[in-house]
Amino acid sequence: MNKGSTTGAEPAHYLLIDFEATCADDQSIARAQMEIIEIGAVMVETETLKVIDEFQSFVRPERHPRLTAFCTQLTSIRQADVDAAPSFAQMLEAFKPWLYRYRDFVWGSWGDYDLHQLRQDCDFHRLPNPIGAAHRNIKQAFAQAQGLAKKPGLGGAVRMAGLTFAGTHHRGIDDARNIARLMPYALGRATLPSR
């Protein structure tokens, strides 16, 4: 499995992932019982910071198969999307061949939520984590590189960069694409226009 760059040099690629998961605003779904319902992943070439590949899939949840109205409103993911979706195990079987066409990468997400959610789903389904590479918290990297006292949410960071959010916020693939747009700022190659 890919272990990311071991030489200390930058990896050839950044795998940027955003998961959407079952959720509720009334405590009816405990944090430990949330399940991934969408994966959005983009592969970014480190040298150019261009997106060179994408992977997206909805995922059918098992513990709470009916999406809450809150979840649908937040993510725009419909019940029909997850009802027709592959299981978590089936999604991983499609994801792994896509992922391992790339040899040298680290993976990142906006915060550590996605790292923990992937581990939680793998544990629940008793499946090995498909990503052997190191994880980087892009939100933290963005704040550090730009000298920010607080770590902004993804939507706020996009606005700080003078950009308009592309797509629908809280959709996995759109969030992953927007994270990719912020990589020049997270890596310190660009400075926020207000700074």
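Throughout, numbering of the chain's residues begins at 1 and tracks the sequence. Just so it is clear, the structure is predicted and the values come from calculations on it, not from any experiment. Values reported hereafter were calculated over all heavy atoms of this structure, with side chains retained and with hydrogens, waters and symmetry mates removed.
Within the 4.5 Å cutoff, the side chain of E54 has heavy atoms near those of the I173 side chain. Here the side chains of D18 and Y113 are not in contact, with every heavy-atom distance at 4.5 Å or above. Two residues are said to be in side-chain contact when any heavy atoms from C-beta on lie closer than 4.5 Å; R63 and F124 meet this criterion. Residues F19 and E38 form no side-chain contact, since every pair of their non-hydrogen atoms from C-beta on lies 4.5 Å or further apart. Annotation: side chain of W107 is not in contact with side chain of L99 (no heavy-atom distance under 4.5 Å). Looking at heavy atoms from C-beta onward, V44 lies out of side-chain contact with H13 at the 4.5 angstrom threshold. Here the side chains of I39 and E20 are not in contact, with every heavy-atom distance at 4.5 Å or above. In this structure, the side chains of R171 and I77 come closer than 4.5 Å at one or more pairs of heavy atoms.
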Could you tabulate the donor-acceptor pairs under 3.5 Å formed by side-chain atoms of residues 151-169, not counting sequence neighbours?
unit_1, atom_1, unit_2, atom_2, d
R159, NH1, G155, O, 3.4
H169, ND1, D175, OD1, 3.1

Can you give me every donor-acceptor pair (side chain of residues 85-93, partner residue at least two apart or in another chain, under 3.5 Å) with its distance?
unit_1, atom_1, unit_2, atom_2, d
S87, OG, Q90, N, 3.1
S87, OG, Q90, OE1, 3.3
Q90, OE1, S87, N, 2.8
E93, OE2, K96, NZ, 3.0

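The heavy-atom pair separating R189 from E47 by the smallest distance is NH1-O, 3.3 Å. When all heavy atoms of Y100 and P130 are compared, the closest pair comes out as OH-O, 2.6 Å. Taking each heavy atom of S76 and D81 in turn, the nearest pair found is O-OD2, 4.3 Å. Taking each heavy atom of P61 and T22 in turn, the nearest pair found is CB-CG2, 3.8 Å. Across all their heavy atoms, A176 and G40 have their closest contact at CB-O, 3.6 Å. Minimum interatomic distance between S109 and D114 (heavy atoms only, all atoms of both residues): CB-OD2, 3.4 Å.
Without hydrogens or angle criteria, N137 side chain to Q140 main chain gives a donor-acceptor distance under 3.5 Å. When atom types are taken as modelled, the side chain of S28 and the backbone of A24 share no donor-acceptor pair closer than 3.5 angstrom. E35 places no side-chain N or O within donor-acceptor distance of the main-chain N or O of V59, the cut-off being under 3.5 Å. A distance-only check finds no donor-acceptor pair linking the side chain of E45 to the backbone of I52 [under 3.5 Å]. The main-chain N or O of I36 is found under 3.5 Å from a side-chain atom of D121 such that the two form a donor-acceptor pair. Remark: the backbone N or O of Y185 is paired with a side-chain donor or acceptor of Q146 at under 3.5 angstrom.
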Run the numbers on C23 and F70 for side-chain contact (heavy atoms from CB on, under 4.5 Å), then give the verdict. CA-CA 7 Å; C23 55; F70 171 79; 3.9 Å; yes
Trace of the side-chain contact (heavy atoms from CB on, under 4.5 Å) decision for L16 with I138: CA-CA 9 Å; L16 303 173; I138 306 301; 4.1 Å; yes
Checking side-chain contact (heavy atoms from CB on, under 4.5 Å) for the pair R31/Q117: CA distance, chi angles, key distance, verdict? CA-CA 9 Å; R31 172 68 192 89; Q117 188 64 53; 2.9 Å; yes
Check against side-chain contact (heavy atoms from CB on, under 4.5 Å), V106 and L15: CA-CA 6 Å; V106 296; L15 167 67; over 6 Å; no
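There is a path of hydrophobic side-chain contacts, each under 4.5 Å, that joins L187 to I179. Cluster membership check: I131 shares its hydrophobic cluster with F55, using side-chain heavy-atom separations under 4.5 Å among Ile, Leu, Val, Met, Phe, Trp and Tyr. Cluster annotation: F95 is not connected to V82 through the hydrophobic network of ILVMFWY side chains, with a link wherever side-chain heavy atoms come within less than 4.5 Å.
In this model, a donor atom of one side chain and an acceptor atom of the other lie less than 3.5 Å apart for Q33 and H64. Looking only at atom types and distance, the side chain of Q56 has no donor-acceptor partner in the side chain of R177 under 3.5 Å away.
With values rounded to the nearest 0.5 angstrom, L182 atom CG is found 8.5 Å from L192 atom CG. A distance of 9.5 Å separates CD of Q73 from OG1 of T68, quoted to the nearest 0.5 Å. Distance check: K139 NZ to Q144 CD gives 13.0 Å after rounding to the nearest 0.5 Å. Between the SG atom in C122 and the CG atom in N129 there is a gap of 4.5 Å [rounded to 0.5 Å]. Here the straight-line distance linking atom CG of L115 with atom CD1 of I17 works out to 10.0 Å at 0.5 Å rounding. Here the OG1 atom belonging to T48 is positioned 11.5 Å from the CE atom belonging to M183, to the nearest 0.5 angstrom.
Other residues, nucleotides and ligands contribute more than 12 heavy atoms inside 6.0 Å of the CD atom of Q79.
Between D53 and R101 there is a salt bridge, since a side-chain N of the basic residue sits under 4.0 Å from a carboxylate O of the acidic one. Using a 4.0 Å cut-off between charged nitrogen and carboxylate oxygen, E10 and R136 count as a salt-bridge pair.
Aromatic pair F105/Y14: centroids not less than 6.0 angstrom apart.
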